[in-house]
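Notes for the one structure printed next.
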There are 2 protein chains.
Amino acid sequence: MDDIDRSLLTLLQADASQSYATLGQSVGLSTGAAHERVRKLRERGVIRRTTIEVDHDAVGRGMLAFVLVEASTWMGSDETRDALMALPDVQEAHIVAGSASLLLKIRTATTEDLQVVLRRIYELDQVLTARSVVVLETFFERPLEPVQHSGS
Amino acid sequence: MDDIDRSLLTLLQADASQSYATLGQSVGLSTGAAHERVRKLRERGVIRRTTIEVDHDAVGRGMLAFVLVEASTWMGSDETRDALMALPDVQEAHIVAGSASLLLKIRTATTEDLQVVLRRIYELDQVLTARSVVVLETFFERPLEPVQHSGS
DNA sequence: GTTGAAAACAAGTGTCC
DNA sequence: GGACACTTGTTTTCAAC
(Lines give C-alpha, C1' and ligand atoms only; values in the text may rest on other atoms or scores of the structure.)
Protein backbone atom coordinates (compact mmCIF):
# COMPACT_ATOMS: atom_id res chain seq x y z
CA MET A 1 0.00 0.00 0.00
CA ASP A 2 1.95 3.01 -1.28
CA ASP A 3 0.99 6.47 -2.52
CA ILE A 4 0.02 5.12 -5.94
CA ASP A 5 -2.40 2.62 -4.39
CA ARG A 6 -3.92 5.39 -2.31
CA SER A 7 -4.32 7.55 -5.41
CA LEU A 8 -5.97 4.69 -7.26
CA LEU A 9 -8.44 4.20 -4.41
CA THR A 10 -9.30 7.88 -4.34
CA LEU A 11 -9.73 8.01 -8.12
CA LEU A 12 -11.92 4.90 -8.14
CA GLN A 13 -14.06 6.22 -5.33
CA ALA A 14 -14.69 9.34 -7.40
CA ASP A 15 -15.48 7.30 -10.54
CA ALA A 16 -15.22 3.53 -10.69
CA SER A 17 -16.43 3.38 -14.29
CA GLN A 18 -13.31 4.89 -15.83
CA SER A 19 -11.01 2.66 -17.90
CA TYR A 20 -7.67 1.31 -16.68
CA ALA A 21 -6.01 3.32 -19.42
CA THR A 22 -7.33 6.59 -17.96
CA LEU A 23 -6.56 5.41 -14.46
CA GLY A 24 -2.99 4.56 -15.45
CA GLN A 25 -2.45 7.98 -17.02
CA SER A 26 -3.64 9.72 -13.87
CA VAL A 27 -1.09 7.96 -11.68
CA GLY A 28 1.70 7.70 -14.24
CA LEU A 29 1.45 3.97 -14.95
CA SER A 30 0.73 1.86 -18.01
CA THR A 31 -2.71 0.34 -18.53
CA GLY A 32 -1.48 -3.11 -17.55
CA ALA A 33 0.26 -1.97 -14.39
CA ALA A 34 -2.75 0.02 -13.24
CA HIS A 35 -4.94 -2.97 -13.89
CA GLU A 36 -2.65 -5.27 -11.92
CA ARG A 37 -2.58 -2.87 -8.96
CA VAL A 38 -6.35 -2.66 -8.82
CA ARG A 39 -6.66 -6.44 -9.19
CA LYS A 40 -4.43 -6.92 -6.15
CA LEU A 41 -6.33 -4.32 -4.13
CA ARG A 42 -9.48 -6.30 -4.81
CA GLU A 43 -7.79 -9.61 -4.03
CA ARG A 44 -6.51 -8.27 -0.69
CA GLY A 45 -9.98 -7.02 0.17
CA VAL A 46 -8.96 -3.37 0.29
CA ILE A 47 -11.56 -2.82 -2.43
CA ARG A 48 -14.62 -4.63 -1.15
CA ARG A 49 -16.85 -4.13 -4.16
CA THR A 50 -17.87 -1.85 -6.98
CA THR A 51 -21.22 -0.24 -6.36
CA ILE A 52 -23.44 2.70 -7.28
CA GLU A 53 -24.48 5.64 -5.15
CA VAL A 54 -28.21 6.16 -5.31
CA ASP A 55 -30.17 9.37 -4.70
CA HIS A 56 -32.11 8.88 -1.46
CA ASP A 57 -35.06 11.05 -2.41
CA ALA A 58 -35.40 9.39 -5.83
CA VAL A 59 -35.82 5.92 -4.30
CA GLY A 60 -38.31 7.11 -1.70
CA ARG A 61 -36.04 7.40 1.31
CA GLY A 62 -35.97 11.11 1.92
CA MET A 63 -36.21 10.77 5.69
CA LEU A 64 -33.02 10.16 7.70
CA ALA A 65 -32.71 9.59 11.43
CA PHE A 66 -30.12 8.25 13.84
CA VAL A 67 -31.40 6.27 16.80
CA LEU A 68 -29.52 5.70 20.06
CA VAL A 69 -30.81 2.57 21.75
CA GLU A 70 -30.30 1.94 25.46
CA ALA A 71 -30.74 -1.61 26.68
CA SER A 72 -30.51 -3.45 29.96
CA THR A 73 -28.33 -6.16 28.44
CA TRP A 74 -25.49 -6.60 25.98
CA MET A 75 -26.79 -6.02 22.45
CA GLY A 76 -23.88 -7.57 20.60
CA SER A 77 -25.53 -10.93 20.03
CA ASP A 78 -26.25 -12.55 16.69
CA GLU A 79 -29.95 -12.49 17.53
CA THR A 80 -29.92 -8.70 17.81
CA ARG A 81 -27.94 -8.42 14.58
CA ASP A 82 -30.35 -10.65 12.72
CA ALA A 83 -33.38 -8.82 14.09
CA LEU A 84 -31.94 -5.50 12.85
CA MET A 85 -30.90 -6.97 9.51
CA ALA A 86 -34.51 -7.98 9.00
CA LEU A 87 -35.54 -4.32 9.02
CA PRO A 88 -34.73 -2.98 5.54
CA ASP A 89 -35.03 0.63 6.72
CA VAL A 90 -32.07 0.18 9.06
CA GLN A 91 -29.11 1.08 6.90
CA GLU A 92 -26.39 0.86 9.54
CA ALA A 93 -26.17 -0.74 12.98
CA HIS A 94 -23.27 -0.22 15.37
CA ILE A 95 -22.48 -1.39 18.90
CA VAL A 96 -21.27 1.67 20.77
CA ALA A 97 -19.57 2.62 24.01
CA GLY A 98 -21.29 4.94 26.45
CA SER A 99 -24.78 5.20 27.87
CA ALA A 100 -26.37 3.85 24.71
CA SER A 101 -25.68 0.31 23.48
CA LEU A 102 -26.64 0.58 19.87
CA LEU A 103 -26.57 3.30 17.25
CA LEU A 104 -28.74 2.91 14.15
CA LYS A 105 -28.92 4.87 10.93
CA ILE A 106 -32.43 4.66 9.55
CA ARG A 107 -33.78 5.82 6.19
CA THR A 108 -37.50 5.83 5.51
CA ALA A 109 -39.92 7.49 3.14
CA THR A 110 -41.94 9.31 5.82
CA THR A 111 -42.08 10.00 9.54
CA GLU A 112 -44.86 7.41 9.80
CA ASP A 113 -42.50 4.77 8.45
CA LEU A 114 -39.92 5.83 11.00
CA GLN A 115 -42.48 5.28 13.73
CA VAL A 116 -43.12 1.77 12.45
CA VAL A 117 -39.41 0.96 12.65
CA LEU A 118 -39.12 2.44 16.14
CA ARG A 119 -42.00 0.28 17.29
CA ARG A 120 -40.13 -2.78 16.01
CA ILE A 121 -36.99 -1.70 17.82
CA TYR A 122 -38.85 -1.33 21.10
CA GLU A 123 -40.06 -4.89 20.61
CA LEU A 124 -36.47 -6.15 20.87
CA ASP A 125 -35.71 -7.77 24.21
CA GLN A 126 -34.24 -5.59 26.94
CA VAL A 127 -34.62 -2.29 25.08
CA LEU A 128 -35.18 0.53 27.58
CA THR A 129 -35.10 3.69 25.49
CA ALA A 130 -34.66 4.69 21.84
CA ARG A 131 -33.69 8.31 21.37
CA SER A 132 -34.17 9.53 17.79
CA VAL A 133 -32.09 12.26 16.23
CA VAL A 134 -33.88 13.41 13.10
CA VAL A 135 -31.80 14.86 10.25
CA LEU A 136 -33.07 18.15 8.84
CA GLU A 137 -30.36 18.61 6.22
CA THR A 138 -27.32 16.65 5.18
CA PHE A 139 -24.25 18.84 4.63
CA PHE A 140 -22.29 16.04 2.99
CA GLU A 141 -21.62 12.32 2.89
CA ARG A 142 -18.35 11.51 1.22
CA PRO A 143 -15.92 8.67 0.52
CA LEU A 144 -13.10 8.27 3.00
CA GLU A 145 -9.69 9.54 2.09
CA PRO A 146 -7.06 6.79 2.52
CA VAL A 147 -4.40 7.84 5.05
CA GLN A 148 -0.76 7.05 5.61
CA HIS A 149 -0.41 4.45 8.32
CA SER A 150 2.46 2.68 10.04
CA GLY A 151 1.34 -0.92 9.54
CA SER A 152 2.28 -2.77 6.28
CA MET B 1 -39.34 4.35 -11.97
CA ASP B 2 -40.96 0.91 -12.06
CA ASP B 3 -40.11 -2.48 -10.58
CA ILE B 4 -37.49 -3.16 -13.25
CA ASP B 5 -35.68 0.10 -12.45
CA ARG B 6 -35.75 -0.78 -8.77
CA SER B 7 -34.32 -4.23 -9.52
CA LEU B 8 -31.58 -2.70 -11.63
CA LEU B 9 -30.63 -0.34 -8.81
CA THR B 10 -30.50 -3.18 -6.29
CA LEU B 11 -28.42 -5.35 -8.63
CA LEU B 12 -26.00 -2.53 -9.39
CA GLN B 13 -25.59 -1.72 -5.72
CA ALA B 14 -24.58 -5.31 -5.11
CA ASP B 15 -22.16 -5.32 -8.07
CA ALA B 16 -21.73 -2.38 -10.40
CA SER B 17 -19.01 -4.12 -12.43
CA GLN B 18 -21.32 -6.67 -14.03
CA SER B 19 -22.08 -6.38 -17.74
CA TYR B 20 -25.31 -5.01 -19.17
CA ALA B 21 -25.87 -8.43 -20.72
CA THR B 22 -25.90 -10.09 -17.28
CA LEU B 23 -27.97 -7.26 -15.88
CA GLY B 24 -30.49 -7.59 -18.69
CA GLN B 25 -30.82 -11.35 -18.16
CA SER B 26 -31.50 -10.84 -14.44
CA VAL B 27 -34.42 -8.52 -15.12
CA GLY B 28 -35.64 -10.13 -18.34
CA LEU B 29 -34.45 -7.48 -20.81
CA SER B 30 -32.02 -7.38 -23.72
CA THR B 31 -28.55 -5.93 -23.30
CA GLY B 32 -29.45 -2.73 -25.12
CA ALA B 33 -32.64 -2.16 -23.16
CA ALA B 34 -30.91 -2.70 -19.83
CA HIS B 35 -28.18 -0.30 -20.90
CA GLU B 36 -30.71 2.35 -21.91
CA ARG B 37 -32.54 2.04 -18.59
CA VAL B 38 -29.36 2.48 -16.60
CA ARG B 39 -28.30 5.40 -18.82
CA LYS B 40 -31.57 7.17 -18.05
CA LEU B 41 -31.26 6.47 -14.33
CA ARG B 42 -27.86 8.15 -14.45
CA GLU B 43 -29.18 11.04 -16.53
CA ARG B 44 -32.03 11.64 -14.08
CA GLY B 45 -29.60 11.62 -11.19
CA VAL B 46 -31.13 8.55 -9.53
CA ILE B 47 -27.71 6.94 -9.91
CA ARG B 48 -25.32 9.59 -8.66
CA ARG B 49 -22.09 7.79 -9.49
CA THR B 50 -20.27 4.51 -9.72
CA THR B 51 -17.83 4.03 -6.89
CA ILE B 52 -15.88 1.45 -4.88
CA GLU B 53 -16.36 0.39 -1.30
CA VAL B 54 -13.08 0.46 0.57
CA ASP B 55 -12.11 -1.52 3.67
CA HIS B 56 -11.80 0.97 6.52
CA ASP B 57 -9.08 -0.88 8.39
CA ALA B 58 -6.99 -1.36 5.26
CA VAL B 59 -6.81 2.37 4.56
CA GLY B 60 -5.96 3.25 8.14
CA ARG B 61 -9.37 4.32 9.37
CA GLY B 62 -10.27 1.61 11.82
CA MET B 63 -11.71 4.00 14.39
CA LEU B 64 -15.32 5.14 14.01
CA ALA B 65 -17.19 7.64 16.16
CA PHE B 66 -20.36 9.69 15.94
CA VAL B 67 -20.27 13.15 17.49
CA LEU B 68 -23.30 15.14 18.61
CA VAL B 69 -22.48 18.84 18.64
CA GLU B 70 -24.50 21.34 20.67
CA ALA B 71 -24.13 24.99 19.75
CA SER B 72 -25.54 28.29 20.92
CA THR B 73 -26.39 29.34 17.38
CA TRP B 74 -27.73 27.93 14.12
CA MET B 75 -25.08 25.68 12.57
CA GLY B 76 -26.61 25.51 9.10
CA SER B 77 -24.38 28.17 7.57
CA ASP B 78 -22.01 27.74 4.65
CA GLU B 79 -19.13 28.68 6.94
CA THR B 80 -19.85 25.74 9.22
CA ARG B 81 -20.20 23.43 6.24
CA ASP B 82 -16.89 24.57 4.76
CA ALA B 83 -15.11 24.26 8.09
CA LEU B 84 -16.29 20.66 8.42
CA MET B 85 -15.52 19.86 4.80
CA ALA B 86 -11.95 20.92 5.50
CA LEU B 87 -11.59 18.09 8.01
CA PRO B 88 -10.94 14.93 5.96
CA ASP B 89 -11.72 12.69 8.94
CA VAL B 90 -15.32 13.92 8.98
CA GLN B 91 -17.10 11.54 6.65
CA GLU B 92 -20.65 12.80 7.16
CA ALA B 93 -22.14 15.99 8.57
CA HIS B 94 -25.84 16.48 9.23
CA ILE B 95 -27.96 19.26 10.70
CA VAL B 96 -30.31 17.63 13.18
CA ALA B 97 -33.41 18.42 15.20
CA GLY B 98 -33.32 18.10 18.98
CA SER B 99 -30.94 19.20 21.69
CA ALA B 100 -27.92 18.79 19.43
CA SER B 101 -27.44 20.91 16.30
CA LEU B 102 -25.01 18.81 14.34
CA LEU B 103 -24.29 15.11 13.98
CA LEU B 104 -20.95 14.03 12.57
CA LYS B 105 -19.62 10.67 11.48
CA ILE B 106 -15.88 10.58 11.98
CA ARG B 107 -13.35 7.97 10.89
CA THR B 108 -9.76 8.14 12.09
CA ALA B 109 -6.79 5.83 12.47
CA THR B 110 -6.49 6.13 16.25
CA THR B 111 -8.14 7.66 19.30
CA GLU B 112 -5.43 10.34 19.27
CA ASP B 113 -6.52 11.40 15.80
CA LEU B 114 -10.11 11.55 17.02
CA GLN B 115 -8.97 13.90 19.77
CA VAL B 116 -7.34 16.17 17.20
CA VAL B 117 -10.59 16.37 15.23
CA LEU B 118 -12.61 17.06 18.37
CA ARG B 119 -10.29 19.93 19.26
CA ARG B 120 -10.91 21.42 15.81
CA ILE B 121 -14.65 21.07 16.28
CA TYR B 122 -14.53 22.85 19.62
CA GLU B 123 -12.73 25.68 17.84
CA LEU B 124 -15.82 26.32 15.71
CA ASP B 125 -17.77 29.38 16.80
CA GLN B 126 -20.60 28.90 19.29
CA VAL B 127 -19.90 25.22 19.99
CA LEU B 128 -20.95 24.39 23.55
CA THR B 129 -20.52 20.63 23.80
CA ALA B 130 -19.42 17.72 21.61
CA ARG B 131 -20.59 14.34 22.84
CA SER B 132 -18.77 11.44 21.23
CA VAL B 133 -20.29 8.02 20.72
CA VAL B 134 -17.48 5.60 19.96
CA VAL B 135 -18.24 2.54 17.85
CA LEU B 136 -16.96 -0.76 19.26
CA GLU B 137 -18.25 -2.97 16.46
CA THR B 138 -20.18 -2.40 13.26
CA PHE B 139 -22.96 -4.94 12.75
CA PHE B 140 -23.54 -3.85 9.18
CA GLU B 141 -23.54 -0.96 6.73
CA ARG B 142 -25.57 -1.68 3.66
CA PRO B 143 -26.96 -0.09 0.51
CA LEU B 144 -30.50 1.19 0.73
CA GLU B 145 -33.30 -0.85 -0.73
CA PRO B 146 -35.38 1.24 -3.17
CA VAL B 147 -39.01 1.43 -2.02
CA GLN B 148 -42.34 1.89 -3.74
CA HIS B 149 -43.48 5.49 -3.47
CA SER B 150 -46.49 7.48 -4.58
CA GLY B 151 -44.72 10.32 -6.42
CA SER B 152 -43.79 9.99 -10.16
C1' DG C 1 -37.69 -3.31 -26.84
C1' DT C 2 -34.96 -6.33 -30.07
C1' DT C 3 -31.27 -7.67 -33.00
C1' DG C 4 -26.76 -7.62 -35.00
C1' DA C 5 -22.45 -5.57 -36.43
C1' DA C 6 -18.41 -2.24 -35.45
C1' DA C 7 -15.58 -0.14 -32.03
C1' DA C 8 -13.63 -0.14 -27.52
C1' DC C 9 -11.97 -2.48 -23.70
C1' DA C 10 -10.30 -6.14 -20.57
C1' DA C 11 -7.36 -9.89 -19.62
C1' DG C 12 -3.68 -12.80 -20.78
C1' DT C 13 0.70 -13.69 -23.23
C1' DG C 14 5.89 -13.06 -23.75
C1' DT C 15 10.01 -10.09 -23.67
C1' DC C 16 12.82 -6.48 -22.20
C1' DC C 17 14.30 -2.98 -18.83
C1' DG D 1 7.92 -4.25 -10.34
C1' DG D 2 6.85 -2.05 -14.51
C1' DA D 3 6.79 -0.99 -19.83
C1' DC D 4 5.66 -2.40 -24.34
C1' DA D 5 3.68 -5.08 -28.13
C1' DC D 6 0.49 -8.35 -29.27
C1' DT D 7 -3.67 -11.52 -29.11
C1' DT D 8 -8.16 -13.18 -27.78
C1' DG D 9 -12.63 -12.88 -25.84
C1' DT D 10 -16.03 -9.84 -23.97
C1' DT D 11 -18.54 -5.69 -23.56
C1' DT D 12 -20.23 -1.45 -24.95
C1' DT D 13 -22.28 1.25 -28.33
C1' DC D 14 -25.04 2.42 -32.10
C1' DA D 15 -27.10 1.51 -36.10
C1' DA D 16 -31.69 -0.42 -38.33
C1' DC D 17 -35.87 -2.80 -37.34
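In the text below, chain A, chain B and the rest are named by the order of the sequence lines, each starting its count at 1.
- If you measure from atom CG of A:D3 to atom P of D:dG1, you get 17 Å, rounded to the nearest angstrom.
- When ring centroids are compared, A:F140 and B:H94 stay outside the 6.0 Å threshold.
- Ionic pairing of A:E43 and A:R48 is not present here: no N-O contact between side-chain nitrogen and carboxylate oxygen is shorter than 4.0 angstrom.
- Distance CG (B:L23) to P (C:dT2): 13 Å, rounded to an integer number of Å.
- The interatomic distance linking A:K40 (NZ) with C:dA11 (P) rounds to 15 Å, in whole Å.
- Between B:E92 and A:K105 there is a salt bridge, since at least one side-chain N of the basic residue sits less than 4.0 Å from a carboxylate O of the acidic one.
- In this structure, A:R42 atom CZ and C:dA10 atom P are separated by 11 Å, rounded to whole Å.
- Atom C1' of nucleotide C:dG14 and atom CD of A:E36 are separated by 15 Å, given to the nearest angstrom.
- Counting to the nearest Å, the C1' atom of D:dG2 and the OH atom of A:Y20 are 17 Å from each other.
- Rounded to whole Å, the distance from CD1 on A:I4 to P on D:dG2 is 7 Å.
- Phosphate contact (OP1/OP2 of D:dG2, side-chain N/O of A:R37, threshold under 4.0 Å): present.
- Here D:dA3 presents its P atom at 12 Å from CD of A:Q25, a figure rounded to the nearest Å.
- Set against C:dA10, D:dA3, C:dG1, the side chain of A:A33 has D:dA3 as its closest nucleotide.
- Closest approach to the B:H35 side chain among D:dT13, D:dA3, C:dT3 is made by D:dT13 (side chain taken as heavy atoms from C-beta onward).
- At a threshold of 4.0 angstrom between heavy atoms, the contacts of A:G28 are confined to the sugar-phosphate backbone, with no base atom among them.
- A salt bridge links A:R61 with A:D89: the distance from a Lys NZ or Arg NE/NH1/NH2 to an Asp or Glu carboxylate oxygen falls below 4.0 Å.
- At a threshold of 4.0 Å, the pair A:R119-A:E123 does not count as salt-bridged, since none of the basic side-chain nitrogens sits closer than that to a carboxylate oxygen.
- Here D:dA3 is the nucleotide among D:dT12, D:dA3, C:dT2 with the atom lying nearest to any side-chain atom of A:L29.
- Picking from D:dG1, D:dA3, C:dA10 the nucleotide with the shortest atom distance to the side chain of A:S30 gives D:dA3.
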